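Since we're looking at a predicted model, the values are computed, not measured. Reminder, nothing fancy here: chain letters follow the sequence lines and each chain counts from 1.
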Amino acid sequence: MRHNPVSVAFVSIATLKGHAGRKVDLRGWVFTKRASKKILFIELRDGAGIVQTVTARETVGDEHFTEWASLPQESSIEVSGVVREEPRAKGGVEIDVQEIRPISRPTAEYPINKPDHSPDFLLERRHLWLRSKKQWAVLRVRDTVFHEIHAFFRKEGFLHVSAPILTPAACEGTSTLFGMDYFDQGKAYLTQSGQLYMEAAAMAHGRVYCFGPTFRAEKSKTRRHLTEFWMAEPEAAFYELDDVMALAEGLLCHVVARVLAQRRDELAILERDTAPLEKIQPPFPRISYTEAHALAEKAGEPFPFGDDLGAPQETAISKQFDRPVMIHRYPTGVKAFYMKQDPQDPRFVLCVDVIAPEGVGEIIGGSQREDDLAALEKRIAEHKLPKEAFEWYFDLRRFGSVAHGGFGLGLERTVAWICGREHVRETIPFPRMLYRIYP
RNA sequence: UCCUCGGUAGCUCAACGGUAGAGCAACCGGCUGUUAACCGGUUGGCUGCAGGUUCGAGUCCUGCCCGAGGAGCCA
């Protein structure tokens with residue numbers, strides 16, 4: 001069935017408008033098909049876009065017409081035809097087919113054929129689900145978010161530094177880690193944060209960030225959790241909490257603006273209302289934990305003062321704003337050991353959580369770090385963490401300690417928010433979750 | 001780990017304790033500038049697994065398996 005390739009320049013569907021009136025060669029997959037006696041419509045998908053092809057029986061003859069009309073969904077094909085401007089078509093152009101050359105016919109019925117499948121069915125076939133329109137759009141937005149996070153940090157003078165994936169011990173000592181045997185040196189773990197290593201790198205380069213996969217072995221079963229997800233973690237020397245908040249605000253505004261500029265079509269495919277995204281402009285509201293506590297109470301979601309905010313509280317608070325909310329200065333007891341105590345009030349630490357609007361929840365967690373050696377050693381002891389493992393980390397305070405801080409941004413939650421997706425599992429190509437590691 | 005809900009045709013779901021059904025998909029035919037096309041027909045089942053109650057279980061009971069949502073934890 002494989003034909004002899006001739007020296008033909010294949011055209012991308014994304015650039016078809018510039019070829020109006022000309023004959024082109026395309027290649028891709030049969031996305032949808034509607035056939036009748038005289039006319040055949042095949043939507044061709046080539047990865048860059050989708051275009052409807054039109055085949056007339058009287059033009060191509062009975063034999064060809066019958067053969068091409070029988071091509072099942074997801075057959076791979078080459079198409080030769082003339083580009084015609086067509087106001088009735090979705091993309092403004094169509095292809096008048098002269099020839100279709102099948103490359104490979106499916107050997108079984110394509111399983112994803114109607115938009116009424118359950119999440120479990122689709123996740124089991126994630127390798128095929130990626131081809132469908134909305135999933136295609138989500139990954140393109142994700143690509144832009146990924147790229148623009150890098151672009152923003154470079155613009156702000158941050159150097160990319162890769163953090164290790166394998167680590168000797170818990171970074172934060174809170175979450176459960178994926179462990180493995182590491183030769184004769186005992187256990188190693190998949191990283192849950194590159195932050196501590198970024199603190200070291202910040203003392204070498206001033207402003208740094210890492211952006212890589214992160215692993216949490218927690219048995220979380222919610223639409224906001226994955227066991228493997230991607231996190232961007234900037235860290236900067238001489239940064240105080242206000243600087244950390246300004247950086248987070250700048251990053252989110254930059255990313256949203258770039259997605260709006262570059263991914264209009266994809267957001268339309270996702271039926272995402274872009275009006276809320278247009279509002280993502282500085283300044284974001286900044287409220288203290290104490291203010292958040294009062295706000296939650298007023299919104300009918302009270303919780304004990306001193307406790308961490310739960311998902312219902314976060315949702316209730318974020319509903320009262322039209323842009324991300326920064327909640328800062330949480331009680332010491334509910335936050336990680338490395339966060340610096342507030343000199344104004346030692347009951348609190350200099351941290352910030354950024355809650356995305358529209359119910360997605362926390363997308364950023366950050367803080368100013370404890371830069372005083374004695375205070376840090378005390379916190380390590382309070383959290384019952386093994387002091388020996390942190391000797392290198394103490395060195396950062398022994399040799400020229402300075403104020404510094406940073407945050408972690410969850411890529412999938414950010415993409416879920418921007419794309420208006422219910423669940424983070426749709427925002428990563430192959431999600432790893434509590435009960436799923438296939439495909 | 002806990003709470004709630006679910007598992008029936010390839011898919012999405014119905015079915016009072018009394019002969020397992022519809023829509024979609026697939027296949028065949030018809031028709032149409034179609035676009036979640038439409039119309040007619042055909043095919044399609046160990047009702048998650050194991051036991052129990054009953055004249056009779058998809059339905060009731062017990063245990064297990066699998067999944068979804070939420071809680072906790074976090075990004």
- Message: Output the rounded distance in Å from NZ (A:K37) to P (B:C28).
- Response: 15 Å
- Message: Could you tell me how far apart A:E233 (CD) and B:C74 (C1') are, to the nearest whole angstrom?
- Response: 13 Å
- For A:E301 and B:A71, give me the distance from atom CD to atom C1', rounded to whole Å. 13 Å
- Query: Is a side-chain donor-acceptor pair under 3.5 Å present for A:R263 with A:T144?
  - Reply: yes
- Item | Candidates B:G33, B:C74, B:C73 - which lies nearest the side chain of A:E94 | B:G33
- By the Watson-Crick or G-U definition, both distances under 3.5 Å, B:U19 is matched with none
- Aromatic rings A:H117 and A:F121: how do their planes relate, parallel, tilted or perpendicular, breaks at 30° and 60°? parallel
- For atom C1', what is the distance between B:C66 and B:C27, given to the nearest Å? 32 Å
- Message: Please encode protein proximity along nucleotides 3-12 of chain B as a string of B, S and -, counting only heavy-atom distances under 4.0 Å.
- Response: --------SS
- Nearest to the side chain of A:K219 - B:A75, B:C73, B:U1? B:U1
- Message: Please give the distance between the P atoms of B:G48 and B:C28 as a whole number of Å.
- Response: 32 Å
- Would you call the rings of A:H293 and A:F303 parallel, tilted or perpendicular, where under 30° means parallel and over 60° means perpendicular? perpendicular
- If we take the C1' atom in both B:C73 and B:C61, what is their distance in whole Å? 37 Å
- Query: Strictly by modelled atom types, are A:S70 and A:R105 linked by a side-chain donor-acceptor pair under 3.5 Å?
  - Reply: yes
- Query: Contact class for A:L226 vs. all strands (heavy atom < 4.0 Å): base, sugar-phosphate, or nothing?
  - Reply: base
- Message: Applying a 4.0 Å non-hydrogen cut-off, can you work out what A:A89 is touching in the nucleic acid: base, sugar-phosphate, or nothing?
- Response: nothing
- Using a cut-off of strictly less than 4.0 Å, decide whether A:R34 has a side-chain nitrogen or oxygen near OP1 or OP2 of B:U35. no
- Task: Evaluate the side-chain contact (heavy atoms from CB on, under 4.5 Å) criterion for residues A:H150 and A:Y209: first the C-alpha distance (whole Å), next the side-chain angles of each, then the deciding distance (0.1 Å), finally the verdict.
- Result: CA-CA 9 Å; A:H150 281 288; A:Y209 72 102; 2.7 Å; yes
- Query: Rounded to the nearest 0.5 Å, how far apart are CG of A:D307 and CD of A:Q313?
  - Reply: 9.0 Å
- Message: Return the pairing partner of B:U1 with a 3.5 Å limit on both distances, Watson-Crick or G-U wobble; otherwise return none.
- Response: B:A71
- Item | C1'-based separation of B:G23 from B:G18 [nearest Å] | 26 Å
- Message: I'd like to know if A:R84 reaches the base of B:G33 with its side chain, counting only an N/O donor and acceptor under 3.5 Å.
- Response: yes
- Is a side-chain donor or acceptor of A:R347 paired with a backbone partner of A:P331 at a separation under 3.5 angstrom? no
- Query: With both distances under 3.5 angstrom, what nucleotide forms a Watson-Crick or G-U wobble pair with B:C60?
  - Reply: B:G52
- Task: With heavy atoms under 4.0 Å as the rule, sort A:D353 into base, sugar-phosphate or nothing.
- Result: nothing
- Under 30°, 30 to 60°, or over 60°: which ring-plane class applies to A:F407 and A:F153, parallel, tilted or perpendicular? tilted
- Specify the residues of residues 406-415 of chain A, ordered by number, for which at least one heavy atom lies under 4.0 angstrom from an atom of RNA chain B. A:G408, A:R413
- Message: With the six-membered base ring of B:G33 as reference, does the ring of A:F41 sit under 5.5 Å away with planes under 30° apart?
- Response: no
- Item | Separation of the C1' atoms in B:A36 and B:C49, to the nearest angstrom | 36 Å
- Is the NZ or CZ atom of A:R125 both under 6.0 Å from the centre of the six-membered ring of A:W129 and within 45° of that ring's axis? no
- Checking side chain to side chain contact (heavy atoms under 4.5 Å, CB included) against A:L241, which of A:Q368, A:M339, A:R286 comes through? A:Q368
- Query: Between B:C74, B:G70, B:G33, which nucleotide gets closest to the side-chain atoms of A:R216?
  - Reply: B:C74
- A:H254 and A:F152 aromatic ring geometry - parallel, tilted or perpendicular at 30°/60° bounds: tilted
Extract from the structure each pairing of a protein N or O with an N or O of nucleotides 65-67 of chain B at less than 3.5 Å, listing the distance.
unit_1 : atom_1 : unit_2 : atom_2 : d
B:G67  : OP1    : A:Y435 : O      : 3.0

- Could you please name the partner base of B:G6, counting Watson-Crick and G-U wobble pairs only when both distances are under 3.5 Å? B:C66
- Task: Can you tell me the pairing partner of B:A26 across any strand shown, Watson-Crick or G-U wobble, with both distances under 3.5 angstrom?
- Result: B:U42
- Distance in angstrom units between A:E74 CD and B:A26 P, rounded: 13 Å
- Item | Separation of B:A25 C1' from A:L128 CG (nearest whole Å) | 16 Å
- Can you measure from CZ (A:F146) to CZ (A:F211) and round to the nearest 0.5 angstrom? 5.0 Å
- Candidate pair A:R369 and A:E235, rule salt bridge (charged side-chain N to carboxylate O under 4.0 Å, His left out), full reasoning: CA-CA 10 Å; A:R369 320 305 188 190; A:E235 189 75 27; 2.7 Å; yes
- Item | Interatomic distance, A:L40 CG vs B:A37 C1' [rounded to whole Å] | 14 Å
- Task: Would you state whether a donor and an acceptor, one from the side chain of A:S220 and one from the base of B:C74, lie under 3.5 Å apart?
- Result: no
- Message: Taking the C1' atom in each of B:A14 and B:G33, what is the distance between them to the nearest angstrom?
- Response: 37 Å
- Query: Hey, is the side chain of A:R425 poking within less than 4.0 Å of OP1 or OP2 on B:G69, counting only N and O atoms?
  - Reply: yes
- Note on the structure: Whichever of A:L434 and A:T32 has the more 5' nearest nucleotide on RNA chain B, that residue is A:L434
- Message: Please give the distance between the P atoms of B:G21 and B:C31 as a whole number of Å.
- Response: 33 Å
- Can you tell me if CD on A:E422 sees more than 12 non-hydrogen neighbours from other groups inside 6.0 Å? no
- Note on the structure: To the nearest angstrom, the OH-P distance between A:Y330 and B:C73 comes to 12 Å
- Quick one: sort the A:F337 and A:Y393 rings into parallel, tilted or perpendicular, breaks at 30° and 60°. perpendicular
- Which nucleotide, B:A75, B:U34, B:G70, lies nearest any side-chain atom of A:R223? B:G70
- Task: Would you kindly give the CD1-to-C1' distance between A:I50 and B:A36, to the nearest whole Å?
- Result: 14 Å
- Task: Using the P atoms only, state how far B:C5 lies from B:G41, rounded to an integer number of Å.
- Result: 41 Å
